[in-house]
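For reference, the structure discussed in these notes is given below.
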Amino acid sequence: MAKNLLIVESPAKAKTINKYLGKDFEVLASYGHVRDLVPKEGAVDPEHGFAMRYALIDKNEKHVEAIARAAAKAQSIYLATDLDREGEAISWHISEILRERGLLEGRNVQRVVFSEITPRAILEAVARPRALAQDLVDAQQARRALDYLVGFNLSPVLWRKVQRGLSAGRVQSPALRMIVEREEEIEAFKAREYWSLDAQLAHAGIAFTARLSKLRGKKFEQFDVTDAATAHAARASLLAAANGRLVVSEVVSKERKRRAAPPFTTSTLQQEAARKLGFATSRTMRVAQGLYEGVALGDAGSVGLISYMRTDSVSLSAEALDELREVITREFGAHALPEKPNFYQNKSKNAQEAHEAIRPTSALRTPKSVAAFLNDDQRRLYELIWKRAVASQMIPATLNTVSVDLACGADNAFRASGTTVVDAGFLAVYEEGRDQKADDDDEQRKLPALKIGDAVPLADILAEQHFTEPPPRYSEASLVKTLEEYGIGRPSTYASIIQVLLAREYVLLDQRRFRPTDVGRAVGKFLAQHFAKYVDYDFTARLEDELDAVSRGEEAWVPLLQKFWTPFKQQVDEKTGSVERSEATGAREIGIDPVSGKQVSVRLGRYGAFAQIGLKEAGDTPRYASLRPGQSMHTIALADALELFKLPRALGDSPQGEAVSVGIGRFGPFVKQGDTYASLGKDDDPYTIDLAQALALVQAKREAAANRIIQDFGNGVQVLNGRYGPYITDGEKNARIPKEREPASLTADECAALLAAAPFRPKRGAARKNAKAAPAKKTAAKKAASAVPANLATPTRKRAASVKKAAARKTTTDTSAPRKTPAGKVVAGKRAPVKRVVPGPGA
């Protein structure tokens, strides 16, 4: 029996660490958070000191039981969850569960932390344990309570005023506001025409260009050339003045040093992986988690390859610096090594010097040496981390920038610039990516050797038309960078913020850029207009700073929550009664229908944006039409909206004399022939599809339906081919077919027996209606189960034990905070549909 129990978060980490500690230790995983707020109102009680009620998370209950059994036998318990606030909270939860069960009495319970999973780091951590950091637990508890209070109070306002199933989050909402405001900037942008004039030159066999910088004695920008006539007139005068050549009038050469970027933090890793590898933030964190927890390296076994990946520190340990310097000397020569290590200033006010940047646990493990043991994503991300860490400790790059002015007659001049690398320094290993390349980026542009007085042959002068461009939509990299600059969220939250916005369908990724949906814009504008304080960037950042102060022990968490809660609750109550739904959804009047003379508007409904002709308030019977994919209620014009009302469209008759039409319904565009409906393909356009195409779709649908029926016994009982294989149905219940039986050989009696034994699962929306009837049907099913022939018996009663367990689970009252709120939980005491996710953490 092991004397010591060490508890980590993930099984992969447990497996790696287990071999380092020997037979005196048992290493178990909690599988993340073990408790969560009870999923209903009142889980956080502002009237009683913001007391928080928790219950065990269903999926982790068995892991908690395993930990409890092992704790009962152990002499010492080491809580070794992650070293951030989340990890501290998980350790606190585990200790509270064990304390409530009386398993801590007489046992030594200690907290250990490590930033990498290597034998040295693990053994050192176990040798130097500490007590739980209550300040970190309080900070995480305060964050969780804030997110819960915002979600459970603001989201219902959105349900009533905008659309059912929406959610608002403390941190996700300011991020959504950023994306919506950027879209509005783009829509309001007016492109402006301008022209450039570039000289095409060649000297000593090297072709290069120079841009016009001076025209008739003034800076070219002052002329503001915005039309073709002016540009071509200027070109003609310059060609005449040049007489086939430009003369070098000035050469300026400057040498400068460029320092390497610091090693990765969570934010910069997410940004760079997005730019260079095309990884989404969630993908980056998932791959990094695997590298941190351990990868099997042949005979060496499982080894953690990188340090902890949730950090905002750019510091490196002395041991890491020594190893990096050794690698630089070996791989790139002593010349590439600075006299002293490079140190970088932490940007985050709350970055802890004890934490480290993301780095390889051993720089001696080059990407090439471990590539064979990694999958492609792991290999690429590890190489990125290794190169960034190594480059951060190399000498600066030495660059030579040359700027050349070339006279064109007496009063005109062109300018060419270029940069050459004198000493690559860190650039031999790594160069930081950028979100956008500047149009006039001169880096790596080569110029010939030029001196004052040189006459350079002029091939031509090109006059080029340009248009100013709107600001770009946010990419994942630029959104993370902006959130970090504003101080919104923390390293571990950026990926989840983005995932929440995408999952709620508030935004879409269009060419890897975020575009808000109509629902997202309605939510963003509603919150910005009516809850401006709570989506204000500075307010959100200040709240993050206050949470950081709680984590440092400088501020108490309950007064912080009270200061937030009182005005917030008052505003929620006020807006619930005062805001009209049409205002909240952003309904727009876009003109008058020329045929009926009625008003045309666009609105947001339960199933998305739609156009409407007529108003109920005016006594009309309105007509409705859904917007097409790619159309937005915020930008659609009257002409485009009127086009939507051309559906349903009659296409003609089938050879059998059935009318064929095309339209758009709740589930998308469809063709109808007689009583048969067939969905259009993704490339089919309901406005242009012809009769032949429609008939082909219906024929395919009817053939599929015919092939679907294996047997039909009447009274609704059928044996069908389904998505997951053959099954039996009577329209109310479905039953599996035993693997050893041929579906076509089943008899009507056998089908009836299998249906009777099958569990009753009411359809969505019918739960309440069938609530009283369901117990009777289940009882009938149990009786019928005995009538199923032995050769057809199937397992139908597997959940009894888990239901019994769940019923016996205790709810506790605590003040701490888990990491995630599962989807589909109870809202206001009622089970919500799976799609309508309960507002969890604010991202």
Can you tell me how far the [atom1] atom of [X] sits from the [atom2] atom of [Y], to the nearest 0.5 Å?
| X | Y | atom1 | atom2 | result |
| --- | --- | --- | --- | --- |
| Tyr687 | Ile664 | OH | CD1 | 4.5 Å |
| Ile592 | Leu638 | CD1 | CG | 8.5 Å |
| Phe467 | Phe189 | CZ | CZ | 11.0 Å |
| Ile57 | His93 | CD1 | NE2 | 8.5 Å |
| Asp84 | Leu136 | CG | CG | 9.0 Å |
| Leu146 | Glu544 | CG | CD | 9.0 Å |

Pair [X], [Y]: side-chain N/O donor-acceptor within cut-off below 3.5 Å:
| X | Y | answer |
| --- | --- | --- |
| Glu476 | Thr281 | yes |
| Arg504 | Ser167 | yes |
| Tyr486 | Asp538 | no |
| Gln571 | His530 | no |
| Thr265 | Thr268 | yes |
| Arg286 | Thr284 | no |

Could you walk me through whether Ser155 and Leu166 satisfy the side chain to side chain contact (heavy atoms under 4.5 Å, CB included) test, starting with their C-alpha distance in whole Å, then the side-chain angles of each, then the deciding distance to 0.1 Å, before giving a yes or no? CA-CA 6 Å; Ser155 296; Leu166 302 180; over 6 Å; no
Step by step, would you call Lys59 with Asp36 a salt bridge (Lys or Arg N to Asp or Glu O under 4.0 Å)? CA-CA 11 Å; Lys59 66 176 183 177; Asp36 197 358; over 6 Å; no
Assess whether ring pair (Phe, Tyr, Trp, His ring centres under 6.0 Å) is satisfied between Phe514 and Tyr474, documenting all intermediate values. CA-CA 6 Å; Phe514 291 111; Tyr474 287 108; 8.1 Å; no
Could you tell me whether [X] and [Y] make a salt bridge, using a distance below 4.0 angstrom between a side-chain N and a carboxylate O?
| X | Y | answer |
| --- | --- | --- |
| Lys481 | Glu484 | no |
| Asp573 | Lys569 | yes |
| Asp135 | Arg552 | no |
| Asp640 | Arg628 | no |

When you measure from the side chain of [X] to the backbone N and O of [Y], does any donor-acceptor pair fall under 3.5 Å?
| X | Y | result |
| --- | --- | --- |
| Thr517 | Tyr506 | yes |
| Thr566 | Lys563 | no |
| Arg170 | Thr540 | no |
| Asp620 | Pro622 | no |
| Asp518 | Met633 | yes |
| Lys161 | Thr576 | yes |
| Glu88 | Ala133 | yes |
| Gln599 | Leu615 | no |
| Thr266 | Thr311 | yes |
| Trp565 | Pro46 | no |

Over all atoms of both residues, closest heavy-atom pair of [X] and [Y]:
| X | Y | answer |
| --- | --- | --- |
| Leu680 | Phe670 | CD1-C, 3.4 Å |
| Ala175 | Ile497 | CB-CG2, 3.7 Å |
| Arg164 | Trp159 | NH1-CE3, 3.4 Å |
| Pro516 | Val180 | CB-CG2, 4.0 Å |
| Arg53 | Gly42 | CD-O, 3.7 Å |
| Ile186 | Pro471 | CG1-O, 3.3 Å |

Any side-chain heavy-atom pair from Asp536 and Phe531 closer than 4.5 angstrom? no
Within-4.5 Å side-chain heavy-atom neighbours: Asp138 and Val558: no
Taking it one step at a time, do Arg283 and Asp377 satisfy side chain to side chain contact (heavy atoms under 4.5 Å, CB included)? CA-CA 9 Å; Arg283 182 178 177 187; Asp377 280 1; 2.8 Å; yes
Please test Ser596 against Ile613 for side chain to side chain contact (heavy atoms under 4.5 Å, CB included), starting from the C-alpha separation and ending with a verdict. CA-CA 9 Å; Ser596 65; Ile613 296 178; 3.8 Å; yes
Cation over ring, Arg177 on Tyr537, under 6.0 Å and within 45°? yes
Gln499: side-chain contact (heavy atoms from CB on, under 4.5 Å) partners, not counting sequence neighbours: Ser282, Leu502
Aromatic ring proximity, centroids under 6.0 angstrom, Tyr534 and Phe564: yes
Run the side-chain hydrogen bond (donor to acceptor under 3.5 Å, both in side chains) check on Thr81 and Ser91 step by step: do they pass? CA-CA 6 Å; Thr81 50; Ser91 283; 2.5 Å; yes
Show your reasoning for whether side-chain hydrogen bond (donor to acceptor under 3.5 Å, both in side chains) applies to Gln140 and Arg144. CA-CA 6 Å; Gln140 205 275 346; Arg144 182 67 181 92; over 6 Å; no
Does Arg473 form a salt bridge (Lys or Arg N to Asp or Glu O under 4.0 Å) with Glu183? I'd like the steps, not just the answer. CA-CA 7 Å; Arg473 292 186 176 109; Glu183 193 70 17; 2.8 Å; yes
How far apart are the C-alpha atoms of Gln134 and Trp92, what are their side-chain angles, what is the distance that settles it, and do they pass the side chain to side chain contact (heavy atoms under 4.5 Å, CB included) test? CA-CA 9 Å; Gln134 191 60 44; Trp92 186 87; 3.6 Å; yes
Kindly check if the number of other-residue, nucleotide or ligand heavy atoms within 6.0 Å of CD (Glu187) is above 12? yes
With a sphere of 6.0 Å drawn around CD of Gln511, does it hold more than 12 non-hydrogen atoms of other residues, nucleotides or ligands? no
How far apart are the C-alpha atoms of Arg310 and Glu86, what are their side-chain angles, what is the distance that settles it, and do they pass the salt bridge (Lys or Arg N to Asp or Glu O under 4.0 Å) test? CA-CA 10 Å; Arg310 292 188 179 93; Glu86 297 289 326; over 6 Å; no
When you look at Ser475 and Ser478, which way does the side-chain hydrogen bond (donor to acceptor under 3.5 Å, both in side chains) test go after all the steps? CA-CA 5 Å; Ser475 64; Ser478 60; 3.1 Å; yes
List the steps and the verdict of salt bridge (Lys or Arg N to Asp or Glu O under 4.0 Å) for Arg35 and Glu96. CA-CA 10 Å; Arg35 293 197 299 190; Glu96 285 297 290; 5.3 Å; no
